[in-house]
Novice: 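Let me begin by handing over the structure; questions about it come next.
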Amino acid sequence: MDLLDDLTPAQREAVTHVQGPLLVLAGAGSGKTRVITRRVAHLLHSGIAPESVLAITFTNKAAGEMRQRIDALVPNSRVWVGTFHGFCARLLRIHAKLAGIDSGFTIYDQSDRLRAVKDVMDQVVGDGAGITPEHVEAAISRAKNELVSPQVLRTRARDEKDLLKARVFAAYEEKLRTSSAVDFDDLLVHVVSILKNHPDVRAGLDRRYRYVLVDEYQDTNLAQYAIVRALSVDHPNLCVTGDPDQSIYGWRGANLANILEFERDYPSCRVVKLERNYRSTKNILSVADHLIRFNRNRKPKSLVTENPRGAPVELTVYARETDEAEGIAGKIDSLVREGEFRFSDIAVFCRMTALTRPIEQAFRSAKVPYQIVGGVSFYERQEVKDVLSYLNLMANPKDDLAFARIVNVPPRGLGKTSLDHLVEAARQRRIPLLAMARQAGQVEGLKDKAARGLLEFTGLVDELVTLCDHPAEEVIRQLLERTGYRTYLTGETRDNGEDRLANLDELISAAREFDQDHPGASIHDFLAEVTLASPIDRWDQQTGTVTLMTLHAAKGLEFPVVFVNALEEGLLPHSRANDDNKQLEEERRLLFVGITRAQRELYLSRCRIRTFRGQQQATFPSRFLEELPAEPMEHHDRSGVEPPQRVAGPGAGGWPRRPEPYPRSRPGPREFRLTTAAELAGSTTAGRGGPAGATGPVNLDALRPGITVVHPQFGIGRIVSVEGAGPRRKGTVAFAVGEPRTFVLALAPLRPIGGTAGQDPRPSEGGGQNNR
DNA sequence: GGGTCCTACATTTTT
DNA sequence: TGTAGGACCC
């Protein structure tokens with residue numbers, strides 16, 4: 001077949017471009033994957049050696065799909081397709097020495113890193129000092145993604161806490177070094193340093209990978225950017241594809257500027273825009289387009305489609321999250337019953353995994369088959385992690401983390417006290433725990449019994465190490481028997497012993513599959529693959545079930561029918577984004593990504609009262625709802641709420657302490673009216689750019705304690721106290737969502753709402769008027 | 001040493 | 001609501 005036959009001129013231009021940098025700005029659903037795979041095929045057809053093509057994706061799943069599609073066009077092409085982390089892990093195995101690490105290094109995942117940070121903090125910081133290991137861990141990751149060393153981080157410190165973080169960072173790095181371990185981010189960081197410090201290696205790789213493709217370029221961080229650039233100096237045949245409007249990993253260091261300024265990096269580059277959408281109906285696209293136009297930091301872009309108009313986009317308001325879940329389950333049931341869709345055509349997206357629970361429950365009782373993507377990865381489950389720790393220790397005797405994890409699993413009479421003695425002795429001698437355990441007799445303060453236990457353990461490890469060259473499946477089978485782990489779990493009747501045994505069997509299957517796919521591979525390779533695996537890689541669209549996943553996981557996928565739930569302030573946008581416009585725009589893109597996954601039907605929903613973390617709370621509609629167009633949408637209110645009552649509220653200006661349950665006995669459609677903080681603030685006419693400031697002078701006398709106010713950014717709240725006088729008078733406002741905040745009243749865009757203090761400012765109240 | 005219970009805690013998204 | 005870590009008891 002001809003590679004170009006069924007392509008548009010723009011797509012054809014991208015596919016046939018061979019030499020020089022190329023930027024493909026691909027709107028959602030514009031056939032980007034098809035363009036990339038065709039382009040690779042075209043390169044190969046033009047006589048370019050497969051070994052000189054490097055295709056980098058964001059997830060293993062995307063990589064697998066791309067490889068498959070390339071294979072279909074050009075069988076057995078041996079093009080390298082993979083993720084950044086996979087590529088770097090492979091490079092590092094070869095060039096470990098140049099980065100000053102063992103080639104047998106262990107890769108620590110995020111939970112390993114957190115564990116290591118905790119250990120380090122115990123030693124370096126002593127007691128807390130006001131920062132949590134999670135904070136430090138996040139700071140370390142951020143620093144690494146931005147190629148910031150502990151030393152530099154220290155010079156940037158602004159307070160005691162920052163200094164402390166920098167100190168822990170340095171100690172953590174030392175710990176990694178002595179353990180021959182690298183964390184996730186290090187895979188990139190070490191490769192960057194090799195490329196930087198060894199020009200010959202860099203030039204060699206640049207030459208080798210003459211044609212580099214990077215997908216989802218909008219999600220690259222500084223380290224990734226540095227790698228890509230270093231590989232495209234002498235042979236800048238760099239093709240990047242992406243969509244700035246779908247950048248949703250800023251929190252992980254992704255830098256939108258990478259794609260926005262690609263043309264500046266490579267002035268000679270060709271730019272191809274794919275703006276025609278093949279995926280969604282006109283209605284869905286219109287909703288997506290309206291929303292994303294509220295983002296300021298973007299390149300304007302039009303998305304057009306020749307697809308039919310399609311059904312209206314539905315927005316439904318429910319009373320509670322359980323009703324929402326049941327509503328979604330019921331709708332899915334009828335969609336399938338009507339015969340137009342199968343379960344596997346349908347997906348439900350949530351902002352957070354925690355929001356999936358009520359939906360799962362509803363699915364179970366409505367007998368809707370579903371699979372959930374995300375949450376705890378298979379490889380992060382305790383028993384799986386235990387076994388992997390054995391493998392890690394076998395492969396890397398310096399891996400103290402692995403040692404500590406399994407030295408007493410199954411129980412060998414080695415409790416915390418013994419461990420503490422061992423750790424202290426090892427620390428003094430600066431040797432790994434396993435090496436110290438071999439000389440258990442020399443450990444001060446250790447009981448005989450514990451010393452014997454340690455020696456027994458080292459003997460076991462030595463025995464296991466002899467298995468290292470065998471196929472992964474066999475190693476694991478043997479390991480489970482010889483360590484007594486299987487027996488240990490078999491005796492475990494509580495704690496889902498059965499499930500855990502089943503997980504071990506699944507691990508064995510995974511190992512078998514690995515052995516088949518990678519004959520001759522080492523345990524290191526198996527461990528690397530497993531550590532770099534993510535939950536989404538295991539997702540399978542072909543199982544005949546509804547898919548339940550986070551909005552982040554949904555990127556790159558498409559479904560005929562899509563539901564997005566919990567469109568409420570504090571959830572979408574997430575409360576942590578409240579005070580930062582950049583983050584707010586990212587939240588908007590997140591919803592944009594969700595919407596544009598839908599091919600034919602899109603259902604949005606929210607509820608008035610949500611029980612979350614065991615707490616019942618009244619909600620506010622997401623501000624994003626206000627940014628959707630009126631026309632192709634259909635609003636339903638199934639919350640059974642009363643029209644607003646113009647009567648005095650429950651207390652003197654009282655914020656209801658606890659939201660009143662809405663009557664379920666009086667359901668029925670109600671007229672719909674959007675009420676968002678921004679609208680109440682009187683800024684609905686602000687148009688582009690979203691909520692603006694207040695629209696007129698506010699009488700400062702009106703801002704008294706007890707008054708309900710609205711802030712364009714933080715939403716509705718009540719003034720709890722006022723201090724000082726004159727122009728510098730400050731007021732503290734308790735918001736319905738998020739932390740209380742203090743403002744200089746004369747400067748803050750606060751507006752009283754509801755007129756008198758007595759009026760019920762109940763959030764989320766449906767209005768009596770129709771907004772159309 | 002090891003198990004159990006309890007409390008305090010945090011709580012986004014993941015290669 | 002869940003989990004991780006500490007206190008307590010055997």
Side-chain angles (χ1 to χ4, degrees), chain A residues 56-63 82-89 107-111 113-115 118 122 128 132-135 138 141 144-145 183-188 215-216 219-221 223-224 247-254 321 349-358 373-377 379-380 382 408-421 446-447 449-450 453 492 494-495 528-529 531-537 549-556 566 570-578 583 586-587 589-591 593-594 610-616 738:
Chain A
I56 300 178
T57 62
F58 203 67
T59 65
N60 297 299
K61 176 143 196 79
T83 64
F84 269 107
H85 291 82
F87 174 66
C88 290
I107 302 172
Y108 283 176
D109 67 16
Q110 190 180 347
S111 66
R113 172 159 66 194
L114 185 59
R115 181 73 258 159
K118 282 179 180 168
D122 282 346
T132 66
E134 285 80 6
H135 285 148
S141 183
K144 288 190 174 187
N145 284 154
D183 66 26
F184 255 28
D185 301 319
D186 281 338
L187 291 171
L188 307 173
D215 193 17
E216 309 283 14
D219 283 323
T220 50
N221 60 35
Q224 291 160 335
S247 161
I248 54 176
Y249 285 96
W251 52 277
R252 233 173 55 192
E321 80 286 348
F349 302 148
C350 306
R351 178 64 179 84
M352 306 175 249
T353 34
L355 291 171
T356 60
R357 187 127 33 87
V373 181
V376 191
S377 153
Y379 294 109
E380 278 166 32
Q382 186 181 289
N408 201 31
V409 181
R412 297 186 181 90
L414 297 162
K416 181 155 184 354
T417 320
S418 309
L419 248 285
D420 285 346
H421 286 306
L446 200 65
K447 294 237 166 49
K449 182 168 151 260
E492 196 82 31
R494 65 216 145 77
D495 279 3
E529 167 146 324
T531 313
L532 295 176
S534 80
I536 189 155
D537 303 331
M549 56 170 51
T550 64
L551 285 162
H552 283 88
K555 194 180 66 161
L571 295 174
L572 186 62
H574 191 273
S575 52
R576 303 259 294 244
N578 255 345
Q583 289 181 42
E586 181 153 313
E587 296 286 311
R589 291 194 292 268
L590 201 46
L591 179 56
V593 166
R610 183 170 297 275
T611 307
F612 188 57
R613 299 206 301 247
Q615 295 263 43
Q616 225 186 55

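Naming: A, B, ... by sequence-line order, numbering from 1 per chain.
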Novice: Students often get this wrong, so: under 4.0 angstrom with heavy atoms, is A:Phe184 touching a base, only sugar-phosphate, or nothing?
Specialist: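 Contact class for A:Phe184: base.
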
Novice: Would you call A:Asp219 and A:Arg252 a salt bridge, using N to O less than 4.0 angstrom?
Specialist: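 Looking at A:Arg252 together with A:Asp219, the answer is no, because their closest N to O distance does not fall below 4.0 Å.
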
Novice: Going by an N to O cut-off under 4.0 Å, is there a salt bridge joining A:Glu587 and A:Arg351?
Specialist: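 A salt bridge is present here (some side-chain N lies under 4.0 Å from a carboxylate O).
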
Novice: Tell me whether the OP1 or OP2 atom of B:dT15 has a side-chain N or O from A:Ser534 closer than 4.0 Å.
Specialist: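 Result: yes.
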
Novice: Which is more 5' along DNA chain B, the nucleotide nearest A:Ser141 or the one nearest A:Pro411? Just name the residue.
Specialist: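 Looking at DNA chain B, the more 5' nearest nucleotide goes with A:Pro411.
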
Novice: B:dT15 P sits how many Å from A:Glu529 CD, rounded?
Specialist: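 For the pair A:Glu529 CD and B:dT15 P, the rounded distance is 14 Å.
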
Novice: Would you say A:Asn408 reaches B:dG2's phosphate, i.e. side-chain N/O to OP1/OP2 under 4.0 Å?
Specialist: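 A:Asn408 to B:dG2 OP1/OP2: side-chain N or O found under 4.0 Å.
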
Novice: Take A:His135 and A:Ala533, find for each the nucleotide of DNA chain B with the closest heavy atom, and name the residue whose nucleotide sits nearer the 5' end.
Specialist: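 This one resolves to A:His135.
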
Novice: I want to check one thing: is the phosphate of B:dG1, taken as OP1 and OP2, less than 4.0 Å away from some side-chain N or O of A:Thr417?
Specialist: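 Yes, within the criterion.
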
Novice: Evaluate the side-chain contact (heavy atoms from CB on, under 4.5 Å) criterion for residues A:Phe84 and A:Leu187: first the C-alpha distance (whole Å), next the side-chain angles of each, then the deciding distance (0.1 Å), finally the verdict.
Specialist: CA-CA 9 Å; A:Phe84 269 107; A:Leu187 291 171; over 6 Å; no

Novice: Can you tell me if the side-chain N/O atoms of A:Thr353 get under 4.0 Å from OP1 or OP2 in B:dT12?
Specialist: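 Checking B:dT12 against A:Thr353, no side-chain N or O comes under 4.0 Å of OP1 or OP2.
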
Novice: OP1 or OP2 of B:dG1 less than 4.0 angstrom from a side-chain nitrogen or oxygen of A:Ser418, does that happen here?
Specialist: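 Looking at the OP1 and OP2 atoms of B:dG1, one of them is under 4.0 Å from a side-chain N or O of A:Ser418.
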
Novice: How close or far is atom P of B:dT15 from atom OH of A:Tyr379, stated in whole angstroms?
Specialist: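 It is 13 Å, rounded to the nearest whole Å.
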
Novice: With distance as the sole criterion, do the side chain of A:Arg252 and the base of B:dT15 form a donor-acceptor contact below 3.5 Å?
Specialist: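 Per atom types, the contact qualifies.
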
Novice: Looking at the side chain of A:His85, which of B:dT15, B:dG1, B:dT13 is the nearest nucleotide?
Specialist: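 For A:His85, the side-chain atoms sit closest to B:dT15.
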
Novice: Would you say A:Thr59 places a side-chain N or O within less than 4.0 Å of OP1 or OP2 belonging to B:dT14?
Specialist: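 False: A:Thr59 side-chain N/O out of range (4.0 Å or more) of B:dT14 OP1/OP2.
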
Novice: Please determine whether a side-chain nitrogen or oxygen atom of A:Arg576 lies at a distance below 4.0 Å from atom OP1 or OP2 of B:dT13.
Specialist: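 No, A:Arg576 has no side-chain N/O under 4.0 Å of OP1/OP2 on B:dT13.
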
Novice: State plainly whether the residues A:Asp420 and A:Lys416 are in salt-bridge range, i.e. N to O under 4.0 Å.
Specialist: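 A:Lys416 and A:Asp420: salt-bridged.
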
Novice: Using the C1' atom as the reference point in each nucleotide, state the distance between B:dT12 and C:dG5 in Å, no decimals.
Specialist: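 Each nucleotide's C1' atom is 24 Å from the other's.
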
Novice: When the distance from CZ of A:Arg613 to C1' of B:dA8 is rounded to whole Å, what number comes out?
Specialist: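 Roughly 14 Å, once rounded to whole Å.
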
Novice: What is the distance from OH of A:Tyr108 to C1' of B:dT14, rounded to the nearest Å?
Specialist: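 Atom-to-atom, A:Tyr108 to B:dT14, this comes out as 20 Å.
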
Novice: Specify the separation, in whole Å, of atom CG of A:Asp420 and atom P of B:dG1.
Specialist: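 Answer to the nearest Å: 9 Å.
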
Novice: A:Lys449 has an atom NZ; how far is it from atom C1' of B:dG2, in whole Å?
Specialist: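 So the two atoms are 10 Å apart, to the nearest Å.
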
Novice: Can you check whether A:Trp251 stacks with the B:dT13 base, using ring centres under 5.5 Å and planes within 30°?
Specialist: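 Stacked: centres under 5.5 Å apart, planes under 30°.
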
Novice: Could you grab the distance from atom CZ of A:Arg113 to atom OG of A:Ser141, nearest 0.5 Å is fine?
Specialist: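 So the gap between those two atoms works out to 4.0 Å.
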
Novice: When the distance from CZ of A:Arg610 to C1' of C:dT1 is rounded to whole Å, what number comes out?
Specialist: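 The answer, rounded to whole Å, is 14 Å.
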
Novice: Look at all strands and tell whether A:Leu551 reaches a base, only sugar-phosphate, or nothing, counting heavy atoms closer than 4.0 Å.
Specialist: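 The residue A:Leu551 makes no contact with any strand.
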
Novice: I need the minimum non-hydrogen distance between A:Trp251 and A:Glu586, along with the two atoms involved.
Specialist: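 Residues A:Trp251 and A:Glu586, closest heavy atoms: CD1-OE2, 3.1 Å.
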
Novice: May I ask you to verify if any side-chain N or O of A:Lys118 is less than 4.0 angstrom from the OP1 or OP2 atom of C:dG5?
Specialist: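 True: A:Lys118 side-chain N/O within range (under 4.0 Å) of C:dG5 OP1/OP2.
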
Novice: Rounding to an integer number of Å, can you tell me how far A:Tyr249 OH sits from B:dT14 P?
Specialist: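 So the OH-P distance, A:Tyr249 to B:dT14, works out to 6 Å.
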
Novice: Report yes if the ring of A:His574 lies under 5.5 Å from the six-membered base ring of B:dT12 with planes under 30°, and no otherwise.
Specialist: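 Per 5.5 Å and 30° rule: yes, stacked.
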
Novice: For A:Lys416 and A:Arg357, take the nucleotide of DNA chain C holding the closest heavy atom to each; which residue's nucleotide lies nearer the 5' end?
Specialist: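 It is A:Arg357, whose closest nucleotide lies nearer the 5' terminus.
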
